[in-house]
Amino acid sequence: MEKSEIFEKVVKILTPYVKSQEALEGVSPETHILDDLKVNSARLVDVVLEFEDAFDIEIDDDDVDKVETVGNAVELIEAKIG
Amino acid sequence: MIGNDIVDLSDPESSRDACHSRFDRRVFRAEEGRSLSTDYSDVQIRWILWSAKEAAYKAARRVSAGVVFSPARFVVDLDRSLCGAVWCGTRRWPVRVRIDGDCVHAVVNGDETTAGTLSGVRRLTAAELRDPSEVVRRFALASIGAELGVAISELRIEKVDRIPQLVLAGSVGHVELSLSHHGAYAGFACRNPRIDAAARISRRIAVRKAARSHDAPHASISYPSRAVQGDLR
């Protein structure tokens with residue numbers, strides 16, 4: 001799967017949980033999921049579970065802890081799906 | 001070490017079916033919540049436990065910025081009065097959760113035996129919902145200023161590694177502060193600022209005296225064991 005395709009799917013999964021529509025409109029790999037998109041920490045659990053479902057992967061909490069930006073999430077998923 | 005977390009139970013994202021079907025399995029252990037009153041609904045128990053975990057994580061981050069937020073590793077053990085502890089490995093974080101109507105507020109003070117806690121909860125107005133981050137900062141500053149008897153202009157909030165701290169003008173060091181907002185509620189918790197401020201003022205006086213007299217600086221201050229609850233609704 002191309003990185004751009006992963007990025008698009010990641011943004012689509014994040015979208016219902018985003019509190020800052022302005023940040024979503026300008027979303028990029030550098031966009032911070034908590035600080036910019038204002039996704040709260042409980043919702044981040046849901047996001048991770050949806051990543052697991054959408055990409056058929058398992059993501060443990062140690063991996064999640066390293067994800068700060070949308071780009072971090074894309075890279076993590078890319079590494080998991082090989 | 002201080003941490004707090006607030007959950008608005010009336011917010012749509014707190015509803016029973018708002019979470020992923022595997023959320024509870026991922027976040028909670030089977031033994032958590034068993035000791036809580038059966039009067040609480042499943043949804044209330046979910047967010048009581050979550051808020052305690054989140055508050056403990058915020059406190060733990062003050063000890064180590066590298067601590068991983070793995071909710072299942074923060075194990076909540078509350079009694080029926082919603083007091084107890086969150087365990088992370090062998091580390092125990094004393095916690096108290098208050099549930100009042102739609103609002104769940106958890107406060108952790110890892111240093112509970114030597115210092116009190118000042119905490120507060122406020123419901124936001126419709127206008128304030130536009131910028132809850134700013135509102136919670138102003139609310140905390142107003143509450144702490146009132147407690148200390150100082151103007152808000154004497155206080156400021158700084159963030160270091162995304163961790164907020166309160167700075168008193170002209171003072172060295174900071175007071176631990178935790179901020180939280182969710183839905184229509186904002187909350188904060190801090191080490192009792194009177195204790196910290198008194199200690200700092202005492203130190204400043206001691207340093208000034210020492211500078212004049214060439215004596216070694218000292219500060220004599222007792223740390224009463226008391227908890228202050230400033231529910232400002």
Side-chain angles (χ1 to χ4, degrees), chain A residues 6 9-27 30-73 75-77 79-81, chain B residues 3-9 11-15 17-28 43 46-58 60-61 64-74 88 104 106 129-134 159 161-164 180-183 185:
Chain A
I6 298 172
K9 285 182 83 169
V10 163
V11 172
K12 190 176 176 185
I13 289 168
L14 282 166
T15 296
Y17 305 104
V18 169
K19 298 256 175 67
S20 171
Q21 289 307 312
E22 188 182 345
L24 185 62
E25 285 164 16
V27 68
E30 288 74 38
T31 302
H32 199 286
I33 296 172
L34 300 180
D35 292 347
D36 297 330
L37 297 178
K38 311 286 186 194
V39 175
N40 77 31
S41 52
R43 297 282 68 82
L44 192 58
V45 175
D46 291 319
V47 167
V48 169
L49 292 168
E50 290 201 32
F51 286 165
E52 290 187 340
D53 294 344
F55 297 98
D56 194 22
I57 55 177
E58 286 189 14
I59 304 173
D60 63 34
D61 290 335
D62 294 300
D63 288 330
V64 176
D65 202 61
K66 295 171 193 146
V67 173
E68 294 187 346
T69 65
V70 175
N72 294 154
E75 284 160 17
L76 172 64
I77 292 164
K80 292 275 180 188
I81 62 181
Chain B
N4 94 118
D5 190 54
I6 200 160
V7 177
D8 180 356
L9 296 175
D11 192 276
E13 63 182 22
S14 303
S15 66
D17 299 325
C19 294
H20 192 284
S21 60
R22 297 201 306 280
F23 181 94
D24 290 346
R25 212 182 324 151
R26 172 110 181 185
V27 168
F28 304 120
V43 170
R46 173 191 283 165
W47 298 117
I48 287 168
L49 296 176
W50 172 271
S51 64
K53 287 170 186 272
E54 179 82 14
Y57 168 68
K58 288 178 179 175
R61 275 202 72 215
S64 169
V67 65
V68 172
F69 184 49
S70 174
R73 288 181 211 160
F74 285 79
C88 184
V104 177
L129 289 171
R130 282 194 289 271
D131 192 358
S133 299
E134 177 58 24
K159 275 195 173 182
D161 290 335
R162 302 179 65 227
I163 298 173
S180 182
H181 63 82
H182 179 248
Y185 289 98

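Excluded from the calculations below are hydrogen atoms, water molecules and symmetry mates; all remaining heavy atoms, backbone and side chain alike, are included. Reminder, nothing fancy here: chain letters follow the sequence lines and each chain counts from 1.
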For A:K19, I'd like to know if atom NZ has over 12 heavy atoms of other residues, nucleotides or ligands within 6.0 Å. yes

Toward chain A, the part of B:V7 with a non-hydrogen atom under 4.5 Å: neither

Please identify, among A:V64, A:D60, A:D35, the residue contributing the most non-hydrogen atom pairs under 4.5 Å to chain B. A:D35

Is it the case that A:T69 and A:N72 place a side-chain donor and acceptor less than 3.5 Å from each other? yes

Beyond-backbone contact of B:E13 with B:C19, side-chain heavy atoms, under 4.5 angstrom: no

Where does B:R22 contact chain A at under 4.5 Å (heavy atoms): side chain, backbone, both or neither? both

Below 4.5 Å from any heavy atom of chain B, which atoms of A:N40 appear? Answer side chain, backbone, both or neither. side chain

Side chain from CB out, backbone as N, CA, C, O: work out which of these in A:K66 comes under 4.5 Å of a heavy atom of chain B, or both, or neither. neither

Whatever's closer than 4.5 Å to a heavy atom in chain B on A:V48 counts as side chain

For chain A, find which of B:H182, B:K53, B:R162 contributes the most heavy-atom pairs closer than 4.5 angstrom. B:R162

Anything under 30° is parallel, anything over 60° is perpendicular, the rest tilted; go ahead and classify B:W50 against B:F23. tilted

Taking atom types as modelled, find out whether B:D5 and B:S51 have a side-chain donor-acceptor pair closer than 3.5 angstrom. no

Pairwise side-chain contact, A:I6 with A:F55, heavy-atom cut-off 4.5 Å (strictly under): yes

